[in-house]
Amino acid sequence: MSALILVLVGIASGVTTALFGFGGGFVAVPVLVWADAALGDDAPRVAVATSSVLMVVAAAVATASTSRTVLAELRGSGRLLGLLALGGALGAVAARHVPGDVIAVGFVAYLLLTIAAVTARPGVLQAGADGARPLPAGAGLPIGAVAAFLGVGGSVVTVPLMRRNGHRMAVATALANPLTLAVALPATAVFLLLSGGRPVGAGAGFVGAVDVLAAAALLAGSLPVIVFLRRRGPRLSDRAHARWYVGLLVMVAVAMTAALFR
């Protein structure tokens with residue numbers, strides 16, 4: 001039953017990854033905390049490590065399915081991508097050395113602050129325009145560090161920033177995938193190399209702190225959906241796209257809060 005639930009969650013994660021630029025972290029982390037609840041305090045750490053693997057694969061597939069015209073918006077962003085990668089490695093190292101409850105509480109706090117920011121500040125819910133300014137390269141380090149520490153990929157920061165810099169929602173969410181890939185690759189390497197072995201009480205199917213079986217079930221549901229929607233996704237108005245994005249953040253915040261206080 002848990003495997004079936006993970007596949008279904010993977011389908012939902014594929015939808016959000018393809019249409020909104022996030023999925024591996026924000027959709028999977030609460031479910032992985034539930035699925036590995038028997039590991040106790042290690043459950044959030046396992047969820048973050050596993051979600052990093054999911055983000056690498058899902059973001060790579062979504063990036064490969066994105067038109068070259070859209071990806072061309074990232075030309076000249078080598079320094080930004082490099083700092084995102086460095087931040088991702090540092091955040092993953094930090095996550096290795098803090099209690100799991102800190103990660104879980106930080107995840108919820110991050111979500112709530114983001115929801116408040118995107119609804120209160122102008123530039124996200126309104127329509128953007130093409131030909132906008134690129135993201136500042138200096139933002140890469142903090143975005144990457146926070147994203148890897150919490151296992152969220154960074155799209156929930158990069159999408160609002162790109163909106164405020166003038167990008168349409170369709171472009172901002174599409175570009176979130178290669179930016180997430182820059183964060184998740186080094187973070188995943190850190191989790192795999194420095195996870196300190198399987199958590200106490202973990203069964204078969206773990207590589208370090210990564211729950212490989214859970215990741216496989218989630219990817220089985222998400223990858224076909226990502227490929228299909230990136231090529232033949234629904235056409236949403238810019239305003240509706242932005243409102244759905246904020247609504248999904250609220251849903252994930254509620255789900256994670258419920259998991260914390262179950």
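Both backbone and side-chain heavy atoms feed into the values below; hydrogens, waters and symmetry mates do not.
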Report whether L90 and V98 are members of the same hydrophobic cluster (ILVMFWY, side-chain heavy atoms less than 4.5 Å apart, transitive linking). no
With the threshold set at 4.0 Å, does a side-chain nitrogen-carboxylate oxygen contact exist between R243 and D238? no
W34 versus I5: any side-chain heavy-atom pair under 4.5 Å? yes
Tell me the closest heavy-atom pair linking A137 and L83, and the distance in Å. O-CD1, 3.2 Å
Taking L236 as the starting point, is it possible to reach V15 by hopping between hydrophobic residues whose side chains are less than 4.5 Å apart? no
Check A174 against T66 and note the closest heavy-atom contact, atom names and distance. CB-CG2, 4.1 Å
For the residue pair P178 and L71, establish whether any side-chain heavy-atom pair is separated by less than 4.5 Å. yes
If every non-hydrogen atom of M55 is compared with every non-hydrogen atom of A184, which pair is closest and at what distance? CB-CB, 3.9 Å
Look only at the side chain of R230 and the backbone of S65, and say whether a donor-acceptor pair between them is shorter than 3.5 Å. no
Main-chain N/O of T173 paired to H167 side chain as donor or acceptor, under 3.5 Å: no
Where do A253 and L112 come nearest, in terms of heavy atoms and distance? CB-CD2, 4.3 Å
Audit row: L175, M162, side-chain contact (heavy atoms from CB on, under 4.5 Å) steps and yes/no: CA-CA 9 Å; L175 293 181; M162 283 188 282; 3.9 Å; yes
L248 and I115: same hydrophobic cluster, using ILVMFWY side-chain contacts below 4.5 Å? yes
With respect to L179, which candidate in V159, L161, L74, I143 satisfies the side chain to side chain contact (heavy atoms under 4.5 Å, CB included) definition? L74
Could you state the interatomic distance from OG1 (T158) to CZ (R163), rounded to the nearest 0.5 Å? 13.0 Å
Just so I know, are the side chains of M169 and R239 near enough to count as touching, which here means a heavy-atom distance under 4.5 Å? no
Do Y245 and L113 share a hydrophobic cluster, counting only Ile, Leu, Val, Met, Phe, Trp and Tyr and linking them when any side-chain heavy atoms are less than 4.5 Å apart? no
side-chain contact (heavy atoms from CB on, under 4.5 Å), that's the test. Do V46 and V33 meet it? Break it down for me. CA-CA 8 Å; V46 168; V33 169; over 6 Å; no
Main-chain N/O of V9 paired with S13 side-chain donor or acceptor, under 3.5 Å: no
Value for CG (L32) from CG (L6), rounded to nearest 0.5 Å, stands at 6.5 Å
Would a distance-only check, ignoring hydrogens and angles, find a side-chain to backbone donor-acceptor pair under 3.5 Å from T50 to A47? no
Would you say the side chain of N177 lies within less than 4.5 Å of the side chain of L181, judging by non-hydrogen atoms? no
Indicate the atoms forming the closest heavy-atom contact of A95 with F149, along with that distance. N-CD1, 3.5 Å
In terms of hydrophobic clusters joined by side-chain contacts under 4.5 Å, are L249 and V146 together? yes
Enumerate donor-acceptor pairs with a distance under 3.5 Å from any side-chain N or O in residues 205-227 to protein atoms, sequence neighbours excluded.
unit_1 : atom_1 : unit_2 : atom_2 : d
D211   : OD1    : L213   : N      : 3.4
D211   : OD1    : A214   : N      : 3.2
S222   : OG     : L218   : O      : 3.2

Has S77 got a side-chain atom pairing as donor or acceptor with L80's backbone, closer than 3.5 angstrom? no
Shortest non-hydrogen contact between A148 and A92, atoms and distance: CB-N, 3.8 Å
